[in-house]
Trainee: 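Can you keep this structure in mind? I'll have questions shortly.
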Amino acid sequence: MKLKQQLQSLVGDVLKVLISDDMLPAIDQPEISIERTRQKEHGDYSCNIAMVLAKHARCAPRDLAQKIVDRLPASKIISKVELAGPGFINFFLTDEPLYQGVRDVFSEGGRYGHTDIGAGQKVIVEFVSANPTGPLHVGHGRGAAYGDALARLLRAAGYDVQTEYYVNDAGRQMNILAVSVWLRYLELCGEEMDFPANAYQGDYVWDIAASIHRSKGDALHRKIDHVFVGVPPDEPLGGDKEAHIDGLINRAKDLLADDYALVFDQGLNEITDNIRRDLSEFGVEFDNWFSERSLHQSGEMEKAIQTLEDNGYLYEKEGAKWFRSTDFGDEKDRVVVRDNGQTTYFASDIAYHLDKLDRGFDRLIDIWGADHHGYVARVKAALQALKADKDRFEVLLVQFAILYRGGEKLAMSTRSGEFVTLRELRNEVGNDAARFFYVLRKCEQHMDFDLDLAKSQSSDNPVYYVQYAHARVCSVMAQLAERNMQVPDSSKISLDMLTEDHEKEIMSQILRYQEVIESAAINHEPHQIAYYLRDLANAFHTYYNAHQFLIDDEGLRNARLVLIQATRQVLASGLDLLGVSAPESM
RNA sequence: GCCCCGGUAGCUCAGCUGGAUAGAGCAGCCGCCUCCUAAGCGGCAGGUCGGACGUUCGAAUCGUCUCCGGGGCACCA
């Protein structure tokens with residue numbers, strides 16, 4: 001049983017005694033809060049129950065606290081109890097729980113600190129899900145690092161987690177990509193044109209066009225004058241860029257016929273493969289890649305719309321089908337089928353989330369960019385209209401990473417091709433630094449990402465501080481043999497000799513790990529792990545500087561080596577939760 | 001206009017399900033390698049927690065109002 005719970009039950013038992021002795025009016029289930037103290041002088045844990053119940057007990061908080069303290073039974077985990085301040089009950093622990101924590105690290109290994117609060121609940125975490133219309137940029141990187149760390153955290157907390165990437169492989173954006181590719185292809189065939197303002201401008205479009213040109217030669221070549229027949233003028237010529245690109249999409253479909261799908265798929269596949277590789281190299285692997293198109297092909301779109309229809313939440317207006325999302329608090333109703341008969345992106349999303357529910361997940365977690373926040377209400381509304389419990393669905397919004405270079409904010413636009421890709425970032429600062437940096441801030445915090453700083457001062461990144469602690473332990477252990485010293489058998493070493501303050505500080509941090517995992521998982525805050533690791537590394541570096549490990553006294557030496565090995569294990573476990581490597585040397 | 005997020009040290013941020021003297025990194029200043037990696041350690045300095053009012057034994061934390069910054073409000077995806 002965890003320390004907090006032990007202390008809670010101790011105090012709870014005392015309260016029952018007080019009530020039965022008529023020294024405290026009966027009260028059902030008082031919330032007994034046991035908190036870690038901030039200052040050493042206040043002991044290890046503190047309880048504020050006396051102040052909470054003072055009014056109820058009609059006596060001064062300190063008096064009530066004194067009554068509780070007087071009746072606390074002796075315990076092998078408590079060395080001292082103090083009454084302090086306005087009525088705090090401060091608990092000072094014995095060394096026994098500290099030693100037990102170290103022993104637990106060895107018996108549980110990489111599972112040390114994991115909990116089962118998730119109770120095996122099935123959770124699906126969907127994240128990144130960037131449109132496959134271009135490479136991932138640094139904004140997606142934040143979602144990737146955060147989502148993956150969250151998934152790992154939830155697994156460590158006992159949830160049955162599946163990760164998923166929703167591929168938007170249907171819809172207008174993909175058609176714009178296909179046209180962009182084809183026009184570049186035509187340029188490779190020698191045609192000249194004013195490239196549409198609304199088409200994708202990035203160099204990767206050339207690459208895709210080139211691969212089509214390699215495999216198909218000039219087979220898809222059409223005269224440029226013919227291509228632009230009947231297409232409305234582009235924006236620079238005083239027209240509308242949306243109408244212009246839509247006109248080109250229609251021309252491409254007409255002129256290419258069956259070959260249009262070839263261009264479309266070439267773009268989709270090359271970019272999806274690229275994204276998949278990028279994420280994989282970043283250490284982010286998805287359990288499933290879910291295709292939006294499959295929703296159309298499998299009939300799930302019709303099923304979802306029909307379900308809403310059956311439940312009475314659809315109506316027709318101006319030729320379109322509307323979903324009455326205002327019934328569930330959305331600010332206006334939303335279109336699901338346009339007057340031209342095409343379903344909207346929102347309709348796909350309804351079908352997609354219905355599919356998730358049908359797959360038996362207890363909880364759906366979506367991680368979206370903050371720019372989609374206006375979208376939350378309508379998807380929640382849709383889930384309720386589908387008769388799903390709205391509390392099972394949760395959207396976590398990740399704020400943008402605002403990029404700075406040379407003190408100037410960078411414009412980010414996929415369409416214009418002006419963006420810093422995730423791959424560029426990884427190449428510049430490395431995977432470990434990038435991942436650690438990303439999860440160092442909670443997701444709803446705006447992030448200023450100074451590229452110059454990340455590049456020029458990458459060795460100052462806190463990730464190295466943590467990794468260095470890990471490498472130092474490895475280095476010490478590696479030198480045992482050279483000095484004719486034995487690797488201690490952790491199960492046979494007495495830890496009683498670990499009495500220095502520095503040692504107790506580390507043991508205390510190791511003990512805290514399980515509380516941190518639980519809190520980080522419940523609150524969906526991987527950054528808590530990052531901050532914890534910094535604290536643990538700091539305790540270790542301080543210890544390292546203050547004491548020698550490879551000493552002649554075998555008993556003390558072995559106890560210290562066991563302690564730093566336990567530290568190494570926890571550092572490695574924590575870094576793994578963040579998807580960061582734990583190097584053995586640096 | 002409405003909605004979401006943020007405003008804490010010179011800079012970037014923790015702390016926010018109310019607790020005892022508000023923390024860290026970087027930048028600045030002063031120290032520490034004949035000794036297990038100095039990518040380290042110790043110390044100093046640095047604060048009207050945007051502002052006001054309220055709730056409370058107690059507010060950076062909760063509520064209302066307000067100011068400043070970022071984002072979002074499509075039959076686009």
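Residue numbers begin at 1 in each chain, while the letters A, B, ... track the order of the sequences.
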Trainee: Looking at A14(B), C75(B), A39(B), which one has an atom nearest to any side-chain atom of Tyr531(A)?
Mentor: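 Of the options given, the side chain of Tyr531(A) lies nearest A14(B).
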
Trainee: For G40(B), is there a stacking contact with Tyr468(A), counting only centres under 5.5 Å and planes under 30°?
Mentor: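 Answer is no, no stack.
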
Trainee: Which class fits the ring pair Tyr352(A) and Tyr166(A): parallel under 30°, tilted 30 to 60°, perpendicular over 60°?
Mentor: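 Taking Tyr166(A) first and then Tyr352(A), their aromatic rings lie parallel (interplane angle under 30°).
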
Trainee: Measure from the ring center of His353(A) to the ring center of Phe393(A) and say whether it is less than 6.0 Å.
Mentor: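 His353(A) vs Phe393(A): aromatic centres under 6.0 Å.
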
Trainee: Can you tell me how the ring of His502(A) sits relative to the ring of Tyr543(A), calling it parallel under 30°, perpendicular over 60° and tilted otherwise?
Mentor: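 Ring orientation, 0 to 90° scale: tilted.
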
Trainee: Kindly indicate whether the side chain of Asn90(A) and the base of A20(B) share any N or O donor-acceptor pair separated by less than 3.5 Å?
Mentor: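 Under the 3.5 Å cut-off, the side chain and the base do form a donor-acceptor pair.
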
Trainee: Within the 4.0 Å heavy-atom criterion, would you say Phe346(A) contacts the bases, only the backbone, or no part of the nucleic acid?
Mentor: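 Here Phe346(A) touches no strand at all.
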
Trainee: Given G19(B), G15(B), G42(B), which nucleotide is nearest the side-chain atoms of Asn538(A)?
Mentor: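 Side chain of Asn538(A) sits closest to G42(B).
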
Trainee: Using a heavy-atom cut-off of under 4.0 Å over every strand shown, decide if Ala469(A) touches base, sugar-phosphate, or nothing.
Mentor: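 If one applies the 4.0 Å heavy-atom cut-off, Ala469(A) turns out to touch nothing in the nucleic acid.
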
Trainee: I want to check something: taking the side chain as every heavy atom from C-beta on, are Leu578(A) and Pro526(A) in contact at a cut-off of under 4.5 Å?
Mentor: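 The answer is yes; the side chains approach within 4.5 Å.
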
Trainee: If we take the P atom in both G47(B) and A38(B), what is their distance in whole Å?
Mentor: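 Here G47(B) and A38(B) have their P atoms 34 Å from each other.
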
Trainee: For the P atoms, the ones on A27(B) and on C73(B), what distance do you get once it is rounded to whole angstrom?
Mentor: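 To the nearest whole Å, 40 Å.
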
Trainee: Using a 4.0 Å heavy-atom cut-off, does His372(A) contact any base of the nucleic acid, only the sugar-phosphate backbone, or nothing at all?
Mentor: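 His372(A): base contact, heavy atoms under 4.0 Å.
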
Trainee: Tell me which nucleotide, if any, is Watson-Crick or G-U wobble paired with C41(B) when both distances must be under 3.5 Å.
Mentor: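 In the structure as shown, C41(B) has G31(B) as its Watson-Crick or wobble partner.
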
Trainee: Of the candidate nucleotides A14(B), A77(B), C41(B), which contains the atom at the shortest distance from the side chain of His541(A)?
Mentor: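 Looking only at heavy atoms from C-beta outward on His541(A), the closest nucleotide is C41(B).
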
Trainee: What nucleic acid atoms does Asp371(A) come within less than 4.0 Å of, heavy atoms only: base, sugar-phosphate, or nothing?
Mentor: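 Sugar-phosphate contact only.
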
Trainee: Does A74(B) have OP1 or OP2 sitting under 4.0 Å from an N or O in the side chain of Lys332(A)?
Mentor: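 No.
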
Trainee: What class does the angle between the rings of Tyr313(A) and Phe323(A) fall in, given that below 30° is parallel, 30 to 60° is tilted and above 60° is perpendicular?
Mentor: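 The arrangement is perpendicular - the two ring planes meet at more than 60°.
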
Trainee: Which label fits C33(B), syn or anti, where anti is any glycosidic angle not within 90° of 0?
Mentor: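 You should classify C33(B) as syn.
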
Trainee: Please report the distance separating the C1' of G50(B) from the corresponding atom of C68(B), rounded so that it comes out in whole Å.
Mentor: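 It comes out at 8 Å once rounded to the nearest Å.
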
Trainee: Does any donor-acceptor pair link the side chain of Ser46(A) with the base of A20(B) at a separation under 3.5 Å?
Mentor: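 Flag set: donor-acceptor pair detected.
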
Trainee: Of the residues in residues 313-321 of chain A, which ones touch RNA chain B at a heavy-atom distance under 4.0 Å?
Mentor: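 When residues 313-321 of chain A is checked for heavy atoms under 4.0 Å from RNA chain B, the hits, listed by number, are Lys317(A), Glu318(A), Ala320(A).
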
Trainee: Assign Ala84(A) to base, sugar-phosphate, or nothing according to its heavy-atom contacts below 4.0 angstrom with the strands shown.
Mentor: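 Answer is base: heavy atoms of Ala84(A) come under 4.0 Å of a base.
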
Trainee: If you measure from the P atom in C57(B) to the same atom in A14(B), how many Å do you get, rounded?
Mentor: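 Each nucleotide's P atom is 32 Å from the other's.
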
Trainee: Quick one: which of G25(B), C75(B), C4(B) gets closest to the side chain of Val335(A)?
Mentor: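 Closest nucleotide among those given: C75(B).
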
Trainee: Taking Thr272(A) for the side chain and Leu268(A) for the main chain, is one N or O donor matched with an acceptor at less than 3.5 Å?
Mentor: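 Yes; judged by distance alone, with no hydrogens or angles, the pair exists.
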
Trainee: Closer than 4.0 Å, any side-chain N/O of Arg338(A) to the OP1 or OP2 of A77(B)?
Mentor: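 It does, given that an N or O in the side chain of Arg338(A) lies less than 4.0 Å from OP1 or OP2 of A77(B).
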
Trainee: Rounded to the nearest 0.5 Å, what's the gap from OH on Tyr513(A) to CD on Gln569(A)? Could you check?
Mentor: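 The OH atom of Tyr513(A) sits 8.5 Å away from the CD atom of Gln569(A).
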
Trainee: Give each protein N/O atom lying under 3.5 Å from an N/O atom of nucleotides 9-12 of chain B, with the pair distance.
Mentor:
unit_1	atom_1	unit_2	atom_2	d
U12(B)	O2'	Arg441(A)	NH2	2.4

Trainee: Would you mind telling me which of G71(B), C5(B), A14(B) lies closest to the side-chain atoms of Gln445(A)?
Mentor: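 Closest nucleotide to the Gln445(A) side chain: A14(B).
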
Trainee: Between U37(B) and Ser475(A), is there an OP1 or OP2 to side-chain N/O distance shorter than 4.0 Å?
Mentor: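 The answer is yes; a side-chain N or O of Ser475(A) sits under 4.0 Å from OP1 or OP2.
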
Trainee: Do the side chains of Glu518(A) and Ile117(A) get nearer than 4.5 Å, heavy atoms only?
Mentor: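 Ile117(A) reaches Glu518(A) side chain to side chain.
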
Trainee: Contact class for Glu331(A) vs. all strands (heavy atom < 4.0 Å): base, sugar-phosphate, or nothing?
Mentor: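 The answer is sugar-phosphate, as Glu331(A) gets under 4.0 Å only of primed atoms, P, OP1 or OP2.
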
Trainee: Nearest 0.5 Å, please: how far is CD in Glu505(A) from CG in Leu536(A)?
Mentor: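 Atom-to-atom, Leu536(A):CG and Glu505(A):CD are 9.5 Å apart.
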
Trainee: Whom does C73(B) pair with, Watson-Crick or G-U wobble, provided both distances fall under 3.5 Å?
Mentor: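 Pair assignment: C73(B) / G1(B).
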
Trainee: Distance criterion of 3.5 Å, no angle test: do you see the side chain of Asn48(A) paired donor-to-acceptor with the base of G19(B)?
Mentor: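 Yes, the side chain and the base share a sub-3.5 Å donor-acceptor pair.
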
Trainee: Taking only the side-chain heavy atoms of Tyr464(A) (C-beta and beyond), determine which of A39(B), C5(B), A14(B) contains the nearest atom.
Mentor: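 The nucleotide sitting nearest to the side chain is A39(B).
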
Trainee: Taking the side chain of Tyr465(A) as heavy atoms from C-beta outward, which of C36(B), G15(B), C41(B) is closest to it?
Mentor: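 Of all the options, the side chain of Tyr465(A) is nearest to C41(B).
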
Trainee: What I'd like to find out is whether the side chain of Phe88(A) reaches to under 4.5 Å of the side chain of Cys47(A), using heavy atoms alone.
Mentor: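 Counting from C-beta outward, Phe88(A) and Cys47(A) never come under 4.5 Å.
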
Trainee: Could you tell me the separation between the OH atom of Tyr45(A) and the C1' atom of G19(B), rounded to a whole number of Å?
Mentor: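 After rounding, the reported distance stands at 18 Å.
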
Trainee: In the strands shown, is C13(B) matched to any nucleotide by a Watson-Crick or G-U wobble pair with both distances under 3.5 Å, and which?
Mentor: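 Pair assignment: C13(B) / G23(B).
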
Trainee: Please measure how far the C1' atom in A9(B) lies from the corresponding atom in G28(B), and state the result in whole Å.
Mentor: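 Per the computed distance, 13 Å lies between those C1' atoms.
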
Trainee: Over 60° means perpendicular and under 30° means parallel, so classify the ring planes of Tyr544(A) and Phe540(A), tilted if in between.
Mentor: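 Phe540(A) and Tyr544(A): tilted rings.
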
Trainee: Between Gln399(A) and C4(B), is there a side-chain N or O to OP1/OP2 distance below 4.0 Å?
Mentor: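 No.
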
Trainee: What is the nucleic acid contact for Ser348(A), judged by heavy atoms within less than 4.0 Å: base, sugar-phosphate only, or nothing?
Mentor: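 No contact.
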
Trainee: CG of Asn175(A) versus P of A77(B): gap in Å, rounded?
Mentor: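 Value for this atom pair: 10 Å.
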
Trainee: Is His42(A) stacked on the base of A20(B) when the test is centres under 5.5 angstrom and planes under 30 degrees?
Mentor: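 The base of A20(B) is stacked with His42(A) (centres under 5.5 Å, planes under 30°).
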
Trainee: Does any part of the side chain of Pro462(A), heavy atoms only, come nearer than 4.5 Å to the side chain of Phe436(A), both counted from C-beta?
Mentor: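 In short, these two side chains touch, coming nearer than 4.5 Å.
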
Trainee: Between A77(B), A14(B), C36(B), which one does the side chain of Gln548(A) approach most closely?
Mentor: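 The nucleotide sitting nearest to the side chain is C36(B).
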
Trainee: Using the C1' atoms only, state how far U55(B) lies from C3(B), rounded to an integer number of Å.
Mentor: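 The same atom, C1', in both gives a distance of 27 Å.
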
Trainee: What do the steps show when you test Ile365(A) against His524(A) for side-chain contact (heavy atoms from CB on, under 4.5 Å), and what is the final call?
Mentor: CA-CA 10 Å; Ile365(A) 296 179; His524(A) 308 320; 4.1 Å; yes

Trainee: Would Val167(A) and Glu292(A) satisfy side-chain contact (heavy atoms from CB on, under 4.5 Å), going step by step from the backbone distance to the final call?
Mentor: CA-CA 6 Å; Val167(A) 185; Glu292(A) 180 186 358; over 6 Å; no

Trainee: Report the base-pairing partner of A59(B) (Watson-Crick or G-U wobble, both distances below 3.5 angstrom), or none.
Mentor: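 The base-pairing partner of A59(B), which may sit in any strand shown, does not exist here.
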
Trainee: Mind checking Arg483(A) for me? I need base, sugar-phosphate or nothing, with any heavy atom below 4.0 Å counting as a touch.
Mentor: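 If one applies the 4.0 Å heavy-atom cut-off, Arg483(A) turns out to touch the sugar-phosphate alone, with no base involved.
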
Trainee: I'd like to know if His373(A) reaches the base of C3(B) with its side chain such that a donor and an acceptor end up less than 3.5 angstrom apart.
Mentor: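 Check passes, donor-acceptor contact within cut-off.
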
Trainee: Rounding to the closest angstrom, what is the interatomic distance between U48(B) and C44(B) at atom C1'?
Mentor: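 24 Å, rounded to whole Å.
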
Trainee: Paired with G6(B): which nucleotide, if any, by Watson-Crick or G-U wobble criteria at under 3.5 Å for both distances?
Mentor: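 Answer to the pairing question: C68(B), which forms a Watson-Crick or G-U pair with G6(B).
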
Trainee: G42(B) and A60(B): how far apart are their P atoms, nearest whole angstrom?
Mentor: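 Their P atoms lie roughly 29 Å apart.
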
Trainee: Checking contacts here: which listed nucleotide (A20(B), U37(B), C75(B)) is nearest the side-chain heavy atoms of Arg472(A)?
Mentor: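 Taking heavy atoms from C-beta onward, the closest nucleotide is U37(B).
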
Trainee: Go through C36(B), A77(B), G71(B) for me and flag the one nearest to the Asn168(A) side chain.
Mentor: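 Of the options given, the side chain of Asn168(A) lies nearest A77(B).
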
